[in-house]
Amino acid sequence: MNKLTTYTIKELHKIYRDKLLTPTSFVDLCLQKVKQTSELNAFVTVTEDEAENHGVESEKRFYIDKKSRMLDGITFGIKDNFCTSNITTTCASEMLKNFVPTYDATVYARLRAAGACLIGKCNLDEFAMGAGTVDSIFGPTRNPWGYDKSNDDWRISGGSSGGSAVAVSSGACVAAIGSDTGGSTRNPAALCGIVGLKPTYGLVSRYGLIPLVNSMDVPGILTRTVEDAATILNCIAGPDFLDSTTIKKEFDPVSITDDFDMTKIKIGIPKEYYCEGMSQEVIDTWRYVADLLENQKAVLKSVSLPHTSVSIAVYSILNQCEVASNMARYDGLEYGFRAEENYSTEELYASTRSQGFNDVVRCRIFAGNYFLLSRNYDKYFVKAQKLRRLISNDFKNIFNGDDHVNILLTPTTLSDAPLYKDFMSKHNRDQCAFQDYCTQPANMAGIPAISIPIRLSKNNLPLSVQLMGPFLSEEILLNVAKRIENIVKFPAVAL
Amino acid sequence: MWYYKIHRNLNKKVKPIIWTRYHSIVADRQWQSVVGLEVHAQLNTESKLFSGAENTFGGLVNNCVSLFDAAIPGTLPVLNRKCVELGVKTALALSCRVNEVSTFDRKHYFYADLPAGYQITQQRAPLASDGVINFQVFTPGVHKKPYKKSSKIKQIQLEQDSGKSLHDDELKRSLVDLNRAGVPLIELVFEPDLEDGEEAAALVKELILIVQRLEACTGRMEEGALRVDANVSLRRIGQPLSTRTEIKNIGSIRGVAGAIRHEIDRQRSILESGGTILNETRSWDATNKVTVAMRDKEVVQDYRYMPEPNLPPLRVNLKTKNDTQDVISVPLIQDQIPELPEDTRKRLVQEFQLRPEAAIQLVNEPILLEYFLEISANKERNPTKVANLLLNDLLTALNQNKVNIDHCPVTSKQLIELSDLLLQKKINLDMCRQILDELVHNADEDISPSRLLKEKGWSMITDEAELTKLCIEVLENNPKLVKQYKEGKKKVYRALLGIVVKSSENKIDMAAVSKIMDDLLKK
């Protein structure tokens, strides 16, 4: 088996200490892997020079200073909607194709401060609007599972953080950062057979993350193991003065124990998550994990989240409103793409925006601006906000009531990874509404959620489940996920 | 009839005679004008409302711009605590109810000097509501006596200023300076409680004095630190209001008075000739003294307001003096509020027995007020005379030397010495004025007025014998006048005194000489 697709942070640090590999040699292996798998199109930019420099720094700390940091020599990729100083940050859009930020996103800065080595910037749907990583100006990202050069069709990676998920599952890096607004980290993690963690809203700083929906965006973590996800979380979580929406309380690092007491854990199975279009394999996998947890002496019960069915419509309205607002800054004046137009400032704006954005982005801007018109505001935006509160209250009631549960178990996606051609036969909007069904309620409520791979479908593709918990319940989620991981022993992809 | 004439003059762009037109409104009583103001005041902080960039006027173009101010993707707003403090302070000084929770909204429109495509403001839940401003209306030359007026304040909100666009018509280019983008503003929305431009100007003047006392805003309208929008509408007595117009960005106090006066006249002339007023935004052309429709504001904008998702609600502590990094204590700020102009005026009248007009004028010029309080700290100095010295003589000296009062070079030490010389009759008013002129002209704080007197040889002749000698000389040299006086032509007395003054080179105390002269003439 190709070890690059299985190395964990702990293993690598042991290997470095034993000098079987050094940070620089491992970085080189990862860069080789990137080249070998370039057809998967996981990266928008491969940062070879940075990777090598970071590797040298790590090596020095490891062997000369003897003061290694938590992520020294650990390679990572970061979604290309996180700003990285002196490295283009494109959002996979014509609009920002040549945008080179002069500052670092907090998440990136913290990973770097912990010693991690940047391999590259990962592909995504334009401005993270999508669920397939198919709408990128750099072309779609391909899922390594079931990939066969000779075959003209292939499986999508899921999205919008598809590049990040493929980078990790293909062994190009140990960990990757995605963003998660409606499932954009968990969805590709599920389809690519890796762990995808969406932390509590406000636990990880959004500073430097080019926003999709500010009130729902969370930097997401993609790793091959639950423990690695916990390690990365411990490096990036915590208050940030630069993001006023971060939780002010100091962050308590999470710890994972093998003797985690499952008997005290009550797990809810929300009945509304059985939905139309969910594949039998997904339902079976869900049931399989429920049984497995029951065997681990956890208490399982059926629960109800009554507003689930409206969630996706509400999500869509709020998403488009914030998109319309967030995209207003792309006028071609200060940075980014500027159309060849000098008839008037208005014409310049119009041409720049119609040439710089793809159809998906433009549609959402139109819809959002319509919802925000003063005559529509109460009818759409305010109503959606009220429903969002109800959806959020559904979770509160389940996590807090007399008869409360500690976590929820649901599928992550409704099927295994679709074929590209099948996926493209439907409109982006319908795909998002379908693919995000199980994931976006957690964003509406701001609660943490994790997707973990369980087993292979009959197509030999990963099937995953999702755990959700109340605010700041990352430690419980990760420990339960770890227990599942230990039992299911999900395989790495064979490349 | 003569109104028509004025209207015609106006069309010819002849500078109208201001006060006649002003009185026309009051005089004809048919029309009632209603004026409401919105004022934007830049807060006097080191850094901007949501970024660490420097908040300064006149900096090198595009040099005080943070990534956030340029709307670089991924940057986020961080609320500047000092802005909240100054906003709350102003709200308290204007008797507003500070809201325990206020929120921020995005107001969307496309403009080159608004890089984000939206302005962050407080539309739905402002920082403070329901206040009032009390002020005196008194424009010398317009009003014979001061009168009290007040205007209710609907709300005070925190918001970002925009950048500045510069258009070069010849090169067909537009340039943008973002130094002002993100500068903290408070917007004060007043109820339409005013009747004319003079009241509006007086309100603005009072507001400037208040924010200056609070050190919340420099109040420098010429730098755009305080900008006024005025809503103007008219109605016939007893009838509903006609459509209102808004005059945007008036940049001086006299501009406020002039723009509103013009707008009232314009609307009335339209209404009287049976026309209708358009709901439009106009600007004040200070050179031609007319308001003109703003072309780019013709279309009614839908600002698509939306809550700002990157800023949590702003909470303040209304109950205790417990102040934390995240929650400001309002009672603690209440304690820091200094004496406000209205209280100072009352004190000047009660404590110093000044006339209300003098009190208003002194308070209107903070530098004069400072001098006054310093000089009058010694209660033996006659406050009314001190006030006159400052309001008449010092101002005249400054005017003659074309020196702005804010740069008055005369020190309070010099003024104290000078007023003592005057009040103790060691000099007369004439000398006093000449000395003031010298002090302003020389702008040297080391010159003492008494030394100046000596240098110029201006000391008063106080010795009675010398004065008597002087008078006798004058009487002897002017036998004709003396004869006339003795024949009953009392008028020549003044002429005689005048000759004494002249022959003494203005160095006598008139009262003393007059007494001597009386005695001599009786002999």
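Letters go in sequence order (proteins before strands), and every chain restarts at 1. These numbers come from the heavy atoms of this one structure, side chains and all, not from hydrogens, waters or symmetry mates.
Contact of A/Leu373 with chain B is made through backbone and side chain together, with heavy-atom distances under 4.5 Å. Interface residue A/Glu322: backbone and side-chain heavy atoms are both found under 4.5 Å from chain B. Heavy atoms of A/Asn81 lying under 4.5 Å from chain B are absent altogether. Contacts between A/Phe82 and chain B at a heavy-atom distance below 4.5 Å are absent for every atom of the residue.
Once rounded to the nearest 0.5 Å, the distance linking OH of B/Tyr111 with OG1 of A/Thr345 reads 8.0 Å. For the atom pair CZ (A/Arg329) and OG1 (B/Thr75), the distance works out to 5.5 Å, reported to the nearest 0.5 Å. How far CZ of B/Phe110 is from CG of A/Asp331: 7.5 Å, rounded to the nearest 0.5 Å. Atom-to-atom distance recorded for A/Asp243:CG and B/Leu76:CG is 5.0 Å, nearest 0.5 angstrom. Annotation: the span from A/Phe241 atom CZ to B/Gln325 atom CD amounts to 8.0 Å, rounded to 0.5 Å. Taking CD from B/Glu308 and OG from A/Ser325, the interatomic distance works out to 7.5 Å, rounded to the nearest 0.5 Å.
The two residues A/Thr245 and B/Pro309 have their closest heavy-atom pair at CG2-O, 3.7 Å. Summarising the geometry of B/Pro115 relative to A/Glu334, their closest heavy-atom pair is CB-OE2, 3.4 Å, with the distance given to 0.1 Å. The minimum heavy-atom distance linking B/Pro73 with A/Cys83 is given by the pair O-SG, 3.6 Å. The heavy-atom pair separating A/Tyr335 from B/Ala70 by the smallest distance is CE2-O, 3.5 Å. Residues A/Pro211 and B/Gly74 share a closest heavy-atom pair of CD-N, 4.1 Å. Nearest heavy-atom pair, A/Ser374 versus B/Asp302, reported as atom, atom and distance to 0.1 Å: N-OD2, 2.9 Å.
Side chain of A/Ser244 to backbone of B/Pro77: a donor-acceptor contact under 3.5 angstrom is found. When atom types are taken as modelled, the side chain of B/Tyr118 and the backbone of A/Asn326 share no donor-acceptor pair closer than 3.5 angstrom.
The candidate with the highest count of non-hydrogen atom pairs below 4.5 Å against chain A, out of B/Leu79, B/Val78, B/Leu114, B/Leu311, is B/Val78. In terms of non-hydrogen atom pairs under 4.5 Å with chain B, the most contact-rich of A/Pro101, A/Ala105, A/Gly208, A/Gly336 is A/Gly208.
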request  = Apply side chain to side chain contact (heavy atoms under 4.5 Å, CB included) to the pair A/Phe381 and B/Met306, showing each step before the final yes or no.
outcome  = CA-CA 9 Å; A/Phe381 188 79; B/Met306 188 191 90; 3.9 Å; yes
task = Dump the intermediate steps for side chain to side chain contact (heavy atoms under 4.5 Å, CB included) on B/Arg304 and A/Tyr370, then the final yes or no.
result = CA-CA 9 Å; B/Arg304 292 160 285 131; A/Tyr370 175 80; over 6 Å; no
ask   = Can B/Ile72 and A/Tyr103 be said to form a side chain to side chain contact (heavy atoms under 4.5 Å, CB included), step by step?
value = CA-CA 10 Å; B/Ile72 298 296; A/Tyr103 77 106; 3.9 Å; yes
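Residue A/Asn86 places its CG atom among 12 or fewer non-hydrogen atoms of other residues, nucleotides or ligands, all under 6.0 Å distant. By the 6.0 Å contact criterion, CD on A/Glu347 is enclosed, its count of non-hydrogen atoms from other residues, nucleotides or ligands being greater than 12. The environment of A/Phe366 atom CZ is sparse: at most 12 non-hydrogen atoms of other residues, nucleotides or ligands sit within 6.0 angstrom. Atom CZ of B/Arg227 has more than 12 neighbouring heavy atoms from other residues, nucleotides or ligands inside a 6.0 Å radius.
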